[in-house]
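Bear in mind the structure is a predicted one, so any value in this text is a computation, not a measurement.
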Amino acid sequence: MKKFTTILASLAALAALNSCEDDKVTLNMPAEGSYEMQTPSFASSLTMTEATGAELLQFVTNQPNYGYSASLVYSLDVALDSSFSTYETLSGQDTASPIIEVTQEDFSYALCNLHGFGPDYYEEQAPETVYVRAQVSVSNTDNTTLTTETVTLNNVTFYHVIMGKRTIYLIGSCSGWNEPSEGNKDALANWTLTETAIGSNVYYNSFDLEASDLMFRFYTELTGWDGGASLGSQEEDANVLIDDDFDGLIYTGKYTYPGKGNWEISNFAGGLIKMTVDMNEGTVTFELGKAGEVDYSKYACMYIIGSCSGWVEPAEANAEALADWKIYDIGENGIYYTPKSVYMATAQFRFYKELTGWDGGDSLGYKEADEGTDFTLTDGEFSSAYVYPGKGNWQFPDDGGNWWYLEVDTNTGTVTFRITEAPEGGEVPDTPTVDETLYVMGDMNGWSATDGYAFTQLSDNEWYLGSVEIEAGVGFKFANPDWSVYDFGGDGTSPVIGQEYNLSKGGANISLAENFEGNITISYDGENYVALFKEAAPGDPSGIYVRGGMNGWGTDTAWEFVTTDADNVWVLNGVTIDEGTEFKVADANWGPIDLGLGDPLVLGQEMVMVPGGGNITMPSTATVNFTLTLNGEEYTILVEAQ
């Protein structure tokens, strides 16, 4: 009997071993192209309106086989081009389902984002083509993503969706383990993380907590303990200790959704902890601060935009560059101010409530018009009313190079500025190198310094820009990239083509009464700046360049010919070319002007150019002046050493 019992025990052990072997799984990536999405019934036409916003759009995919019963996560990408150069990612009602269902509101909101539309800016769109694709991956497993082929949706009409910043909830020992239910909404009002921007899907807040053993997770909705909205350290309802996983004072890790596991920090010393939940990347970040220090990121803010901050555009892409140029509503009473003094090398600025771009409607300035007004501090202080929306700058040409306190009172509609002492440890920032290149900046190029709109400086008091096109009604000014040296506008009238037009520093935006194609010359006579718009004439080689090895055979404006007072004579002065460098004279497209020489170049000798001729070789290193002349249909070139 004892022998028989031993045999049974041995068989049981063997069975258990075989069972463990059977439980092992191997992930096998499905074959490429095996993950597919059906063409939906609305592919030929889709009209979405506010009335249908809650209705679901259904995108049906298959469930790929990864070799075992894997936990899969599905999502939908939406784009306006088939290459998906820019796209929005939407999660379905059930992220674990291969049938991806999204509301028409969310789909319309994604299209608003792709078009750059926000709460204060929207343009009606004709029915358009939209591209979608689905993605699937194994939950919390890298390098497992599969993507379907692109599906085209034709004749899509969407509506303007205005959404606010969303919130999620911190639930744990710090918040008293209040149940995440609608009945506890007021009790949890101070335990929320808010989106960094509308639709960003990245949530953050800072909490000043007492010393304790800290345990917590997050809930995306107030649907109760088991409503499926929990976001935790793991699926199981148990603590995961992360004490040893901090890198210095920062912890970063993945989360599980839905997941009810708590993150645990034992013997938390108390003080600030900043929490960030990135629902695009599926990660959490916890940053420990020092007890008693202030985390200003938890307060509403405005941005200081001006020469002091380098005229960086108030856009989300520039949030980091503008991190030190904020005023905060620390008292949560509508009064925004600088908690630490800011250094104003040049005191020229206005404020923006949101990072929605130059024309997002969130600017707050001295006046509505986009122009500066000069002021002087009296006994080190200044106060005035503001205009919202307003793009007029406060300018203090006599009071730069100081530390400032700035305040905006939204209750009274006023601002207060004053000179203060440098903050503790405050250092004057390095003065950045200023680019003094003059540009046309306006609606046609996003009010930024861009290629094709840069002037060539011919002398201390003259600038030239050839081959430029400006549409009628488009607003623009002349300025250097950060507006700190030049900021030339007009008097509210339109320039007359061919007639000199007086410019004024900080003047109004300029616009032309008719479409313009030609060149612009700006000159300074010691008192006034003057612009001259000259239309391109037949045969006028504006946009003709010396192109060669010295400039990558490109069309840099520094190598562009400019017109002279003499008909059919153009010059390019003061350029340096090394011995042996090859070049030609040509337009931007190598036709109809593509000029070379049949004979070696002789400096100081006028030579006839050959259409389509060979490359010209520089006989010796020199700084030279070019003169290009058109006689009938024949071009000649004169290259003279300075």
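Of the inter-residue distances, the one linking Phe488 atom CZ with Trp463 atom CH2 reads 6.0 Å to the nearest 0.5 angstrom. Interatomic distance, CD1 of Ile305 versus CG of Asp362, reported as 11.5 Å (0.5 Å rounding). The CG atom of Leu364 lies 9.0 Å from the OG1 atom of Thr410; values are rounded to the nearest 0.5 Å. To the nearest 0.5 Å, the span separating NZ on Lys340 from CH2 on Trp403 amounts to 10.5 Å. The line from CG of Asn515 to CD of Glu535 is 10.0 Å long, rounded to the nearest 0.5 Å. Rounded to the nearest 0.5 angstrom, Tyr343 OH and Thr420 OG1 are separated by 12.0 Å.
Taking the six-membered ring where tryptophan is involved, the planes of Tyr486 and Tyr529 are perpendicular, since the angle between them exceeds 60° and thus also 30°. Between Phe349 and Phe396, the ring-plane angle classifies as parallel under the 30° and 60° cut-offs.
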Could you walk me through whether Arg418 and Asp379 pass the salt bridge (charged side-chain N to carboxylate O under 4.0 Å, His left out) check? CA-CA 9 Å; Arg418 61 174 173 265; Asp379 295 328; over 6 Å; no
Is there a side-chain contact (heavy atoms from CB on, under 4.5 Å) between Val468 and Ile520? Walk through the geometry before answering. CA-CA 8 Å; Val468 66; Ile520 306 172; 3.9 Å; yes
List the steps and the verdict of side-chain contact (heavy atoms from CB on, under 4.5 Å) for Leu80 and Tyr87. CA-CA 8 Å; Leu80 298 177; Tyr87 60 90; over 6 Å; no
Given the rule in the ring-ring contact (aromatic ring centres under 6.0 Å, His included) test, do Phe533 and Phe516 qualify, once you have shown the distances and angles that lead to the verdict? CA-CA 8 Å; Phe533 297 79; Phe516 172 75; 5.6 Å; yes
Evaluate Val440 against Met444 for side-chain contact (heavy atoms from CB on, under 4.5 Å), listing each step before the verdict. CA-CA 9 Å; Val440 181; Met444 65 284 193; 3.1 Å; yes
Could you go through Asp578 and Met550, starting from their C-alpha distance and side-chain angles, then the distance that decides it, and tell me whether this counts as side-chain contact (heavy atoms from CB on, under 4.5 Å)? CA-CA 8 Å; Asp578 292 335; Met550 65 285 171; over 6 Å; no
Could you give me the CA-CA distance, side-chain angles and deciding distance for Asp374 and Gln395, then say whether side chain to side chain donor-acceptor pair (under 3.5 Å) is met? CA-CA 5 Å; Asp374 288 347; Gln395 299 178 165; 2.7 Å; yes
Test log, rule side chain to side chain donor-acceptor pair (under 3.5 Å), inputs Glu579 and Ser620: CA-CA 4 Å; Glu579 180 180 357; Ser620 59; over 6 Å; no
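A side-chain donor-acceptor contact under 3.5 Å links Asn445 to the backbone of Ser448. Under a 3.5 Å cut-off, the side chain of Asp81 and the backbone N or O of Phe84 do form a donor-acceptor pair. Side chain of Asn318 to backbone of Glu313: a donor-acceptor contact under 3.5 angstrom is found. At least one donor-acceptor pair closer than 3.5 Å links the side chain of Asp443 to the backbone N or O of Gly475. The backbone N or O of Asp587 lies less than 3.5 Å from a partner atom in the side chain of Arg547, making a donor-acceptor pair. Between the side chain of Asp525 and the backbone N or O of Asn528 there is at least one donor-acceptor pair closer than 3.5 Å. With Asn480 contributing its side chain and Thr437 its backbone, the two residues share no donor-acceptor pair below 3.5 Å. Using modelled atom types, one side-chain atom of Asn402 and one backbone atom of Asp399 make a donor-acceptor pair closer than 3.5 Å. Side-chain N or O atoms of Ser309 include one that pairs as donor or acceptor with a backbone N or O of Ile304 at under 3.5 Å. A donor-acceptor pair is defined here as one N or O able to donate and one able to accept, closer than 3.5 Å; such a pair exists between the side chain of Asn551 and the backbone of Gly548.
A side-chain hydrogen bond (donor to acceptor under 3.5 Å, both in side chains) with Gln642 holds for exactly one of Thr576, Asn573, Asn625; it is Asn625. Partner of Tyr366 under the ring-ring contact (aromatic ring centres under 6.0 Å, His included) criterion, out of Tyr386, Tyr388, Phe375: Phe375 alone. Screening Tyr337, Tyr405, Trp394 against Phe417 for a ring-ring contact (aromatic ring centres under 6.0 Å, His included) leaves a single residue, Trp394. Screening Leu628, Thr627, Val569 for a side chain to side chain contact (heavy atoms under 4.5 Å, CB included) with Phe561, the sole residue that qualifies is Leu628.
Between Trp311 and Gln348, the side chains place a donor N or O and an acceptor N or O closer than 3.5 Å (distance only, hydrogens not considered). Looking only at atom types and distance, the side chain of Glu462 has no donor-acceptor partner in the side chain of Ser523 under 3.5 Å away. Inspection of the Thr414 and Asp409 side chains reveals no N or O donor paired with an N or O acceptor under 3.5 Å. Of the N and O atoms on the side chains of His115 and Glu128, at least one donor lies less than 3.5 Å from an acceptor on the other residue.
Closest non-hydrogen pair, Ser511 versus Pro495, comes out as O-CD, 3.5 Å. Residues Gly361 and Pro389 share a closest heavy-atom pair of O-CB, 3.7 Å. Taking every heavy atom of both residues into account, Ile419 and Trp404 meet most closely at CD1-NE1, 3.5 Å. The shortest heavy-atom contact between Thr617 and Leu601 is O-CB, 3.9 Å. What you find for Ser494 and Tyr501 is that their closest heavy atoms are C-CE1, 4.1 Å.
For Tyr453 and Phe455, the ring centers are positioned 6.0 Å apart or more. Between Trp325 and Tyr303, the distance separating the two ring centers is not shorter than 6.0 angstrom.
Taking the side chain as every heavy atom from C-beta outward, Thr338 and Glu407 never approach each other to under 4.5 Å. Looking at Met441 and Trp483, their side chains come closer than 4.5 Å, going by heavy atoms from C-beta outward. With a 4.5 Å cut-off on side-chain heavy atoms, Phe351 and Ile327 count as touching. Residues Pro611 and Asp594 fail the side-chain proximity criterion, which asks for heavy atoms closer than 4.5 Å. Here the side chains of Leu503 and Ile522 are in contact, with some heavy-atom distance below 4.5 Å. In this structure, the side chains of Leu597 and Met607 come closer than 4.5 Å at one or more pairs of heavy atoms. No side-chain heavy atom of Val575 sits less than 4.5 Å from a side-chain heavy atom of Thr623. Two residues are said to be in side-chain contact when any heavy atoms from C-beta on lie closer than 4.5 Å; Glu195 and Val202 fail this criterion.
Taking 4.0 Å as the cut-off between side-chain N and carboxylate O, Asp370 and Lys477 do not count as a salt-bridged pair.
Other residues, nucleotides and ligands contribute only 12 or fewer heavy atoms inside 6.0 Å of the CD atom of Glu368. Within a 6.0 Å radius of CG in Asn280, more than 12 heavy atoms belonging to other residues, nucleotides or ligands are found.
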